[in-house]
Student: 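Before I ask anything, here is the structure I am working with.
Treat the numbers as computed from the prediction; the structure is a model and nothing was measured. Naming: A, B, ... by sequence-line order, numbering from 1 per chain.
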Amino acid sequence: MFEFLKGPLLNIQEFVVLSGRAFRNMIRTPHYKDDIIIQMDSIGVGSAPLILLASFFIGAAITLQMSRALNQYGAGGQVGNVVAITLVRELGPVLTALLVAGRCASGMASELGSMKVTEQIDAMRALGTDPVQKLVTPRLIATAFMLPLLTVMSDFLGLVGGWAVAVPMLSMTTTTGFWNSAYQALVWNDLAQGLLKPFAFSLVIALVGCHYGMQTSGGTQGVGRATTQAVVVSSVWIIILTFFIGKFFVGLN
Amino acid sequence: MTPASPNQIPLCLENATVRFGDNVALNHVNLQLLPGETCVILGAAGSGKTVLLKAALGLILPDEGSVKLFGIDTKSVKERELVTLRSRLGILFQEGGLFDSMNIEENVAYPLENQRSIQCPKEEVQPRVVEALEFVELGHTLEKFPSQLSGGMRRRVGIARAIVTHPELLLYDSPTAGLDPITANTIMALIAKERDIRHTTTALATHRYQDGHLLANYRYNARTGRLESGNDSKTRFLVMQEGRIAFEGSESELEACTDSYVSKFVTMPVRG
């Protein structure tokens with residue numbers, strides 16, 4: 001009767017087991033430090049140009065869209081406040097995570113998936129290495145370290161984009177007024193929320209990407225399927241999680 | 001000859017059954033491989049040859065029955081202990097299983113550097129890698145990447161990686177699949193050479209009868225450096241059909257078998 005639940009439940013079980021092993025390996029030897037550095041470079045440095053460019057224009061677009069409403073109420077001077085709250089609380093973490101999911105979760109799934117279908121994962125086990133320790137844990141650590149950093153950079157570039165529209169382009173306020181308003185809008189709660197979210201999203205991106213990679217079967221077609229699933233599932237979870245984390249912090253207020 | 005004690009028997013499958021969902025990949029398989037023996041596993045694609053080798057390696061655990069490596073049941077030990085156990089084995093995967101992000105030297109050095117039970121001193125790694133690559137006549141490919149080599153060369157690197165640790169049991173999964181006859185013969189000659197120089201217990205899964213015939217009828221002469229005709233009584237043949245063993249015996253018994261499935265695998269090789 002509940003036969004249709006078997007597949008999804010098995011998938012969840014595999015995900016939980018993989019996550020548990022990935023976390024447990026953080027405190028077990030050997031530690032593959034070189035792999036962590038390589039992944040940090042790939043995830044962090046590799047994603048930075050894309051994220052900085054996107055963040056700048058998102059900040060600019062928000063300011064552009066908000067300018068009419070703010071000017072209507074004579075609150076053009078508060079533009080920095082609006083852009084800072086929108087970016088730091090919500091858009092910065094979510095946008096960064098979605099971009100990293102698109103770029104890195106897909107990369108992890110396709111890389112691990114290719115290794116799985118060409119028997120490299122089996123070879124790794126046969127030659128004395130735990131593939132979770134060698135492949136998953138370094139990606140998890142690297143993403144958990146780099147995503148919050150990318151988010152901070154993204155928030156800042158978003159604010160610069162907002163400033164570029166608000167001050168030189170629309171003359172809504174002065175440079176000092178913009179940055180003062182942005183600075184005063186933020187409280188510790190916002191910063192905590194803005195850093196906890198990317199940390200939670202990083203776990204989702206790395207674990208979902210690696211999970212679908214390690215589960216790949218069915219040749220090159222399977223690799224394509226795993227890649228798509230990794231991006232879709234991690235993106236959906238990012239959007240769901242941002243609501244619940246946001247709800248928790250709104251409740252704190 | 002005194003019988004080998006259980007912990008000297010490299011491989012022993014007792015009623016081993018492996019299922020993938022509703023598919024039975026291995027069906028109550030019994031197999032014992034004694035030290036120095038050669039076992040040629042013949043079978044069509046999907047008959048369970050690869051699953052048998054992966055079960056032998058502890059990469060797949062049986063749903064029923066047991067697989068014992070050197071007397072240790074793969075189901076009764078943790079993955080970490082299996083890793084130690086696997087250091088006594090070498091395997092050549094069907095697709096070679098080489099790491100495409102590493103060059104040939106790093107690929108062959110991988111088991112020496114990562115199998116902690118081997119504890120190979122750092123200064124010994126490179127000479128042993130070179131020795132293994134020269135054994136397969138690829139000493140000049142150290143800096144190359146797998147993608148820069150032909151299919152046959154990749155298999156030979158796979159053999160070098162399998163033998164670099166001097167394992168007691170070697171498993172070869174379809175080493176000649178998809179190769180031209182000349183390259184296939186080169187690969188089989190290397191397998192026979194390794195077996196006869198180090199007296200390694202060998203299991204070879206293949207769909208080509210000629211591969212088994214070569215192992216059963218040719219010996220490597222270290223003095224002349226060539227394969228020479230010579231019957232090997234330690235070579236056994238298995239034929240797998242839909243996950244079960246349809247035949248087990250010597251080459252002459254295989255050639256005499258009248259079973260319609262089994263006899264399909266017996267093709268008289270071109271002698272020369």
Side-chain angles (χ1 to χ4, degrees), chain A residues 3-4 6-7 9-11 14 17-18 20-22 24-25 27-35 38-39 41-42 107-108 110-139 213-220 222-223, chain B residues 20-22 50-51 53-61 69 78-102 106-120 146-147 154 157-158 161-162 164-165 167 169-171 173-174:
Chain A
E3 199 68 13
F4 67 97
K6 221 166 139 183
L9 282 176
L10 187 68
N11 196 22
E14 297 283 351
V17 170
L18 179 81
R21 288 177 62 194
R24 191 186 58 187
N25 284 340
I27 51 165
R28 294 176 80 169
T29 53
H31 299 295
Y32 296 98
K33 295 188 188 87
D34 291 351
D35 293 282
I38 290 168
Q39 289 305 321
D41 179 55
S42 162
M108 291 175 200
S110 61
E111 194 180 344
L112 269 54
S114 301
M115 289 182 78
K116 181 86 192 299
V117 299
T118 55
E119 296 182 313
Q120 290 180 54
I121 303 268
D122 278 341
M124 213 168 250
R125 287 178 68 199
L127 299 173
T129 311
D130 175 2
V132 178
Q133 184 125 29
K134 171 92 176 152
L135 300 171
V136 181
T137 305
R139 282 166 174 77
M214 299 289 267
Q215 294 294 313
T216 305
S217 61
T220 45
V223 176
Chain B
F20 297 115
D22 295 331
T50 299
V51 176
L53 292 189
K54 286 189 176 174
L57 203 60
L59 295 178
I60 297 172
L61 297 178
L69 277 169
K78 289 184 177 171
E79 179 72 18
R80 289 210 153 201
E81 291 162 70
L82 269 179
V83 166
T84 309
L85 206 52
R86 287 189 199 119
S87 65
R88 299 174 70 179
L89 276 71
I91 184 163
L92 171 67
F93 286 95
Q94 198 166 357
E95 304 287 337
L98 298 180
F99 304 122
D100 46 22
S101 58
M102 296 180 189
E106 289 164 340
N107 260 289
V108 179
Y110 195 90
L112 294 174
E113 289 172 340
N114 288 280
Q115 280 177 346
R116 288 198 283 176
S117 53
I118 290 175
Q119 293 183 330
C120 180
S147 58
R154 283 202 291 271
V157 173
R161 191 174 66 177
V164 74
T165 56
L169 169 62
L170 267 166
L171 309 170
D173 188 4
S174 304

Student: Looking at Leu89(B), Leu98(B), Leu82(B), which makes the most heavy-atom pairs under 4.5 Å with chain A?
Tutor: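 The residue among Leu89(B), Leu98(B), Leu82(B) with the greatest pair count is Leu98(B).
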Student: Going from CG on Asn107(B) to CG on Leu127(A), what distance comes out if it is rounded to the nearest 0.5 angstrom?
Tutor: 9.0 Å
Student: Between Gln120(A) and Met102(B), is there a side-chain heavy-atom distance shorter than 4.5 Å?
Tutor: no
Student: Does a side-chain heavy-atom distance below 4.5 Å link Asn114(B) with Lys134(A)?
Tutor: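 Side chain of Asn114(B) against side chain of Lys134(A), heavy atoms only: no contact under 4.5 Å found.
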Student: Looking at Ala126(A) and Leu57(B), what are the two nearest heavy atoms and their distance?
Tutor: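 Shortest heavy-atom separation between Ala126(A) and Leu57(B) comes out as CB-CD2, 3.6 Å.
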Student: Rounded to the nearest 0.5 Å, how far apart are CG of Leu59(B) and CD of Glu119(A)?
Tutor: 9.5 Å
Student: With chain A, which of Arg161(B), Gln115(B), Gln94(B), Lys54(B) has the greatest number of heavy-atom pairs at distances under 4.5 Å?
Tutor: Gln115(B)
Student: Are Met124(A) and Tyr110(B) close enough that some pair of their side-chain heavy atoms sits under 4.5 Å apart?
Tutor: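 Met124(A) vs Tyr110(B): side chains touch.
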Student: Looking at every heavy atom in both Gly97(B) and Ala123(A), which two are closest together, and how far apart are they?
Tutor: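 Of all heavy-atom pairs spanning Gly97(B) and Ala123(A), the closest is O-CB, 3.4 Å.
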Student: With a 4.5 angstrom heavy-atom cut-off, which part of Lys6(A) approaches chain B: side chain, backbone, both or neither?
Tutor: neither
Student: Hey, are the side chains of Glu79(B) and Asp130(A) touching, using non-hydrogen atoms and a 4.5 Å cut-off?
Tutor: no
Student: Looking at OG1 of Thr129(A) and CZ of Arg86(B), how far apart are the two atoms once the value is rounded to the nearest 0.5 Å?
Tutor: 10.0 Å
